[in-house]
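The next block holds one structure in the form of structure tokens; read it before the comments.
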Amino acid sequence: MRPTFAQLEAFYWVSRLGSLKEAARHLGLAPPTISLRIDQLEAELGSPVFERAGRGLILTQRGETMVPRVASVMEEYDKIRSIVDDNWQHSGVLRIGVPETFAQACLSDYMRIIAARYPALRLEFAVSTSSELEQDVLHRRLDIAFAINPTGDPKLTLVPLGIQPVVWAAAPRFNLPSPLHPSDLRGIVIITNPPPTPMWRQITEWFRQAGLEPHVICRCSSPTVVAQLVSTGLGASLLPRRLVQKSLAAGILRSFESALPLHPSRLFAIYRFADSDSITQEVIALARHAMAQTRLVEPEEN
């Protein structure tokens, strides 16, 4: 069995990007060429490395086993190129997922410092809820993501980055007390992201500590829009302080201490355990730098 570098390269980028077409575009080749190289690799191995799933491809168990080993080959090849060619820069596609609060607070700074460090790297950002971002990393639609309170999976590595402060917020017209108890919100619409998002879990756990459930719930998939709805006086919500700080400063909203413990919003970097490499560790370090500059998170108390 002697797979060629070209076959391994095709395998690596199809596994990263999820389709022959995207791998071909990245490598500057025709899709039939990538398909042929995968066929040749599978012939060498004597078993398939991909299965078709709709219009895309997913790794077989044999393919999953190969990914970290082939990734190490690609990384070593990159190092050799950097020695041979002093002008060479790490290139390729890096797909990064971020929640909306991260996007608003520091995505522009983050993009700027990654571009300065890796000018040849092509960045693709996805902004979504933390629960969706976690699934996108798990199913290889993203290479790395930053997510609040991920549920975790044995295939994923979770790197803690700090606590994202959250507050109960509502318009002054509700005349709510502080500290706030779940019983104080009787008859008030609770606006939240839908399950199984971290916001939903935090709110429902808070109410259940008092043996209560929210009376009226409005679900909205966007935390930013939730904050906007709360700012117009349509209800109350548990929100990242960063999303509502301007409304709080302007007196449009009030924030409230909680009479019951709040489950903390812990921000993590998440990536597949098998896909760890020097670039992954570097972009996490750069994210820490961007978050420190914008004070998006606070260190966790020991």
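Heavy atoms only: backbone and side chains are in, while hydrogens, waters and symmetry mates are out.
- To the nearest 0.5 Å, atom CZ of residue Arg2 and atom CD of residue Glu44 are 9.5 Å apart.
- The aromatic rings of Tyr110 and Phe146 lie perpendicular to each other, with more than 60° between the two planes, well past the 30° mark.
- In this structure, Glu134 contributes its side chain and Pro150 its backbone to no donor-acceptor pair below 3.5 Å.
- No donor-acceptor pair closer than 3.5 Å links the side chain of Thr197 to the backbone N or O of Ser131.
- Using the six-membered ring where Trp is involved, His26 and Trp13 have ring planes that are tilted, between 30° and 60° apart.
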Check your understanding: Can Met66 and Leu41 be said to form a side-chain contact (heavy atoms from CB on, under 4.5 Å), step by step?
Key -> CA-CA 12 Å; Met66 288 179 56; Leu41 176 62; 4.3 Å; yes

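- Not counting sequence neighbours, the partners of Arg52 by the side-chain contact (heavy atoms from CB on, under 4.5 Å) test are Leu20, Leu57.
- Side-chain rings of Phe256 and Phe174 stay apart, their centers remaining 6.0 Å or farther from each other.
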Practice item. Could you walk me through whether Arg208 and Glu205 pass the salt bridge (Lys or Arg N to Asp or Glu O under 4.0 Å) test, one step at a time? Key: CA-CA 5 Å; Arg208 286 169 185 170; Glu205 287 172 10; over 6 Å; no

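- The structure places CD of Glu42 at 6.5 Å from CD1 of Ile38, a figure rounded to the nearest 0.5 Å.
- With hydrogens and angles disregarded, no donor-acceptor distance shorter than 3.5 Å links the side chain of Asp109 to the backbone of Cys106.
- Hydrophobic cluster membership for Val137: Leu133, Leu138, Leu142, Leu156, Leu158, Phe268, Ile270 (Ile, Leu, Val, Met, Phe, Trp, Tyr linked by side-chain heavy atoms under 4.5 Å, directly or transitively).
- No donor-acceptor pair closer than 3.5 Å links the side chain of Glu22 to the backbone N or O of Leu17.
- Remark: the Arg62 side chain and the Ser47 side chain contain an N/O donor-acceptor pair separated by less than 3.5 Å.
- Glu64 pairs by the side-chain contact (heavy atoms from CB on, under 4.5 Å) definition with Leu59, Arg140, Lys155, Arg272, not counting sequence neighbours.
- Atoms CG and OG1, from Leu229 and Thr192 in turn, are 12.0 Å apart once rounded to the nearest 0.5 Å.
- Within 6.0 Å of the CD atom in Glu257, the count of heavy atoms belonging to other residues, nucleotides or ligands does not exceed 12.
- No donor-acceptor pair closer than 3.5 Å links the side chain of Ser258 to the backbone N or O of Pro261.
- Formation of a donor-acceptor pair under 3.5 Å by the Ser130 side chain with backbone atoms of Ala147 is not found in this model.
- For Pro264, the side-chain contact (heavy atoms from CB on, under 4.5 Å) criterion is met by Ile163, Arg266, not counting sequence neighbours.
- Formation of a donor-acceptor pair under 3.5 Å by the Gln7 side chain with backbone atoms of Arg37 is not found in this model.
- Using a distance-only test at 3.5 Å, with no hydrogens or angles considered, a donor-acceptor pair links the side chain of Arg201 to the main chain of Pro196.
- Annotation: side-chain contact (heavy atoms from CB on, under 4.5 Å) contacts of His139 (sequence neighbours excluded): Gln135, Arg141.
- Every ring pair (Phe, Tyr, Trp, His ring centres under 6.0 Å) that Phe50 has, sequence neighbours left out, goes to Phe11.
- Among all heavy-atom pairs drawn from Val189 and Leu234, the shortest one is CB-O, 3.6 Å.
- Of the possible polar contacts, one joining the Thr60 side chain to the Pro48 backbone as a donor-acceptor pair under 3.5 Å is found.
- The backbone N or O of Leu29 sits nowhere less than 3.5 Å from a side-chain atom of Thr33 that would complete a donor-acceptor pair.
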